[in-house]
Amino acid sequence: MPSGPYDADAVEEKWQQRWLDEDTYAYREGEVDDPNTAFAIDTPPPTVSGSLHWGHVYGTVLQDIVARFTRMQGEEVYYPFGYDDNGIASERLTERELDIRHQDYERKEFQQKCREVCAEFEDEFTENMQSFGFSIDWDNTYRTIEPRVQRISQLSFIDLYEQGKEYRKRAPAIWCPECETAISQVETEDDEQDSHFHDIAFDVVNADSAGQEEFTISTTRPELLPACVAVFVHPDDEANQNLVGQAARVPLFGHEVPIIADERVDMETGSGIVMSCTFGDQTDIEWYQAHDLDLRVAIDESGHMTEVADEYEGMSSADAREAIVADLDETGALLDRWPITHTVNVHERCGTGVEFLVADQWYVEMLDSTDEYLEAGREMDWYPEKMFSRYKHWIEGLQWDWCISRQRSSGIPFPVWYCDECDGAVMAEKADLPVDPLSDDPPVDACPECGHDEFVPEDDVFDTWATSSLTPLINAGWDWDEDAGEFTMDNPELFPMDLRPQGHDIISFWLFHTVVKCYEHTGEVPFDSVMINGMVLDENRKKMSKSKGNVVSPQEVKAQFPVDAARFWAAGSSIGDDLPYQEKGLRAGEKLLQKLWNASKLVDSLTPETTPEIDDEELSALDRWLLAELDAEAEFVREKLENREFSKARDSLRSFFWGTFCDDYLEIAKQRVREEDDESAKYTLTVAHRRFLQLFAPVLSHITEEIWQEMYSEGTGFESVHRTAWPEPTGIDADHAAGETAMAVVGALRRYKSERQLPLNAELSAVSVYGEIAGFENDIRNVMHVDRLETLESEPEIESVVTGIDLDYSIVGPEYGADVSDIDAGIERGEYEIRDDGETLAVAGHELSADEFSVERERQYTGEGEMLEADDALVIVRE
RNA sequence: GGGCUCGUGGUCUAGUGGUUAUGACGCUUCCCUUACAAGGAAGAGGCCGGUGGUUCAAAUCCGCCCGAGCCCA
């Protein structure tokens, strides 16, 4: 029996453990008779390199509410958990933890260390997640680096290759010279750095033809002079148009480069003439591709100068910069030099400015199918709908195919070898996967193209997104059946997945790539619906970040508040909108827990062990009213949760429970039970209370389980409230209007007492009500301590004075258009006439009918006592 | 620099063309009524970011500006 104050710490831990022990949330495959009764949730697996972040908690609470709610709708929920340990984050973590460098180890050896380090962090992560009691199926977990996933990832690569959706091409890659690794765009960030601008004189090769002997370019990267492949002028730059089509000679190095017009030149910077190198920045790459320029690689993998730098070869790029500037100065080509601060693209993990390197890369062809991917996006239900536009605009703005190769030591290897003679690619056999070409042999003895028998293994690994975009297939157990010669799924009922919950920050790459991959492999859209949560901000609406020191730690919150309070806070968000962390939001949750606990104690003390058997017809008017209202509330909450409108469900249920049930109904019912041993009230209390626990269960998962088990558990087995069915409507008829009026009368009497500073249990000797409250008279009398309560058959003695006219503008507006202002003015001046017993209003030359206006009256009671207005009813109090 | 989204009492939030803008937290006053003072009752507090426009009518639709978040360059 619930007693004493609610001890959230003990209760929450108890049920978290019990749910695990009982496998409460395990996917019960046997109970799925057709795919429609399985509800599969595919969450993007978090990287485990860091600790659990408050954002994880927020997002997971929302998913968990959906999972719990959907279980109660009779669906078998598949809610797995993945750990994304295949990626640079876990490599860096391993290096940091063990104080080692990946370069010093063989790939397999380093990967082994990664897995050991990650395993520790994953255990901690799991423990943290479990301490929030999420209804995740902990028997269904996966790691993106595990062999089964490696096999799926390599199968995906080979399948796309066989479909002709992949190709290999030499292309620039972003490279970190410090970490000596290729990195992806998302791993870079902008950094303000001090640098120098240099004005450097270039000679024109044919000065006569150009009409000038030299010109000036401005650059922050003079060490790239040896890599210069062109000089650009803006097509609108009239002063320098004479140079276009000419050739320039690069100072110190002497090679000639073309001068070309291109509108990507920033005319405002320096002289407006710019050199293009291999490669200084993104624009250089675009120029290289657009104008088919030469490649002159001047900086190598470790950030040192190559042979194209002549005498500077072997120097670090920083040393080379100083030396080249000094030599330019000596030859007179350095015209000017001044310090500036500018934005540099750096590697987010080490802060080193990135370089660009040219390497063979594998690409997934996407640009040819963007229409299909757009259509796939349209076929999914988006919560909220507006987030589809992010997906849409991302696809519309796509300019490149997807580069999936990374020049890294750790990760999932490409299952590919190349013929040493003709460079033809040889794929692994599907049955042999996963393979590592560095240690495994190719499946053929001789090149199918040229017959050569020496092969070079591919030593690149997959971009992590190439694997983490396969989670729906990983979850459904996608595999290649060698005998049948086709792809199969262990759990085909799970695919397509019903729900993809995730943050809006990863729509453009993660969600998009997942749609692309799954669509290409199966021809189906992988998700029925996508639910996008916003970001968690700090109390001042600022983004949480380690450097700002405003990060909220989940364990600190847990030390301070119950998990259910955090769930209440999270459920207060409008889906897709950012949500600031607010302690008062959690405190409000805590108060609701107390209220629910205390109300449950009261209900428990009022109701017998076994629910009384009562026919609906025997229920009192108030009880019928409460149950009918609760039917409507349950339906409202169901509909809102189905549409992922969490805050509407939460707020509506909270105020119905607190206001209507506790403040209005319970106050009356407790008197009826105590004073009259009222069976109808006892029955209603039990039925309503059970239902409240179920309706609250998806959000307040721990406390509802505690109370449910204390009060309503039956038999010997454990049946969680979270495995019960969402309450069916009782279908009880009630006089809705009379109930509303009765509650309004109670409210008016409360106000009467409050305004006179009377205690709420003060006696009132006589009260008359003019209004429809049939069946509720006794309830009003008892709860408001009224000695004599009578209902009036006719209106009390009232003098009414017309105080104004209210127009129904939704009818008047469209009907009278521009004349509305005249009508308003006429009423304002009092120049109107009410005719036909109030049926017609004559004003400003128009005759308005009864549905277009209402007469505003002030009613004054002239009889004995004081009159109160309660909605439609009139209440007269004689003390 | 571009795109998307958001901006409503002190704080958080509902409201997507109809004039009287929702609720919560906080605040003020009153009430220790045996479930709950982390409670109950009442009350104060907002020209709906700014500006211009469309309309009989704008928090709501459109343009521009400002601020915030995310993505991209």
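Just so you know, these numbers come straight off a predicted model, no measurement behind them.
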Want to settle it: does A:E667 or A:W394 sit nearer the 5' end of RNA chain B, counting the closest nucleotide to each?
A:E667
Out of curiosity, A:R650 CZ to A:L641 CG, how far, rounded to the nearest 0.5 Å?
12.0 Å
Any side-chain to backbone donor/acceptor pair from A:D284 onto A:S276? Under 3.5 Å, distance only.
no
Closest-nucleotide mapping onto RNA chain B: is A:M535 or A:K601 further toward the 5' terminus? I mean the 5' end.
A:K601
Sorted by chain and residue number, the side chain to side chain contact (heavy atoms under 4.5 Å, CB included) partners of A:A588 (sequence neighbours excluded) come out as A:F568
Please report the distance separating the P of B:G15 from the corresponding atom of B:U54, rounded so that it comes out in whole Å.
29 Å
Which class fits the ring pair A:Y712 and A:H689: parallel under 30°, tilted 30 to 60°, perpendicular over 60°?
tilted
May I ask you to decide whether A:K648 forms a salt bridge with A:E639, counting only side-chain N to carboxylate O separations under 4.0 Å?
no
From the options B:A73, B:A35, B:C70, select the nucleotide whose nearest atom is closest to the side chain of A:E286.
B:A73
Without hydrogens or angle criteria, can the side chains of A:Y665 and A:E629 be said to hold a donor-acceptor pair below 3.5 Å?
no
If I take atom OG1 from residue A:T686 and atom CZ from residue A:R691, how far apart are they, to the nearest 0.5 angstrom?
12.0 Å
Name the nucleic acid region contacted by A:R650, choosing base, sugar-phosphate or nothing; use a 4.0 angstrom heavy-atom cut-off, strictly under.
nothing
Both distances below 3.5 Å, Watson-Crick or wobble geometry, any strand: find the nucleotide opposite B:C32.
none
Report the relative orientation of the aromatic rings in A:H56 and A:H53; use parallel for angles under 30°, tilted for 30 to 60°, perpendicular for over 60°.
perpendicular
Is there a Watson-Crick or G-U wobble partner for B:C64 with both distances under 3.5 Å, and if so, which one is it?
B:G50
Output the rounded distance in Å from NZ (A:K386) to C1' (B:C6).
7 Å
Find the partner of B:G45: check Watson-Crick (N1-N3 plus N6-O4 or O6-N4) and G-U wobble (N1-O2, O6-N3) distances, both under 3.5 Å, and reply none if neither fits.
none
Say you pick atom C1' in B:G9 and the same atom in B:G46; how far apart are they, in whole Å?
4 Å
Closest to the A:A599 side chain, choosing from B:C4, B:A38, B:A35:
B:A35
Please tabulate the protein-to-nucleotide N/O contacts below 3.5 Å involving nucleotides 12-17 of chain B, giving atom names and distances.
| residue | atom | partner | partner atom | Å |
| --- | --- | --- | --- | --- |
| B:U13 | OP1 | A:R541 | NH2 | 2.8 |
| B:U13 | OP2 | A:R541 | NH2 | 2.8 |
| B:A14 | OP1 | A:S574 | OG | 3.3 |
| B:G15 | OP1 | A:K648 | NZ | 2.5 |

Take the angle between the ring planes of A:W402 and A:H513 and call it parallel below 30°, perpendicular above 60°, tilted in between.
parallel
Nucleic acid contacts of residues 844-853 of chain A, taken as heavy-atom distances under 4.0 Å to RNA chain B:
none
Parallel under 30°, tilted from 30 to 60°, perpendicular over 60°: which one fits the rings of A:F692 and A:F656?
tilted
What is the nucleic acid contact for A:R750, judged by heavy atoms within less than 4.0 Å: base, sugar-phosphate only, or nothing?
sugar-phosphate
Within the pair A:K591 and B:A24, is there a side-chain N or O less than 4.0 Å away from OP1 or OP2?
no
For nucleotides 53-62 of chain B, give me one character per nucleotide, 5' to 3': B if any protein heavy atom sits under 4.0 Å from the base, S if the only such contacts are to the sugar-phosphate, - if neither.
---B------
For B:U22, the Watson-Crick or wobble counterpart (both distances under 3.5 Å)
none
Applying a 3.5 Å limit to both distances, which nucleotide forms a Watson-Crick or G-U wobble pair with B:C4?
B:G69
Could you list the residues that satisfy ring-ring contact (aromatic ring centres under 6.0 Å, His included) with A:H702, not counting sequence neighbours?
A:W19
Examine the base of B:A37 for any acceptor or donor lying under 3.5 Å from a partner atom in the side chain of A:Q594, and report the outcome as yes or no.
no
Pairwise P distance, B:C61 and B:G7 [rounded to whole Å]
10 Å
Between B:G53 and B:U60, how many Å separate the two P atoms, rounded to a whole number?
14 Å
Is the side chain of A:K753 donor-acceptor paired with the backbone N or O of A:M784 at a distance under 3.5 Å, no angle test?
yes
In numerical order, the residues of residues 654-664 of chain A whose heavy atoms come under 4.0 Å of RNA chain B are A:R654, A:W658, A:C662, A:D663
Between A:R672 and A:D623, is the closest basic N to carboxylate O distance under 4.0 Å?
yes
Are A:W569 and A:Y58 close enough that their ring centres sit under 6.0 Å apart?
yes
Does B:G39 have OP1 or OP2 under 4.0 Å away from a side-chain N or O of A:K595?
no
For the pair A:E852 (side chain) and A:S849 (backbone), establish whether a donor and an acceptor sit closer than 3.5 Å, ignoring hydrogens and angles.
yes
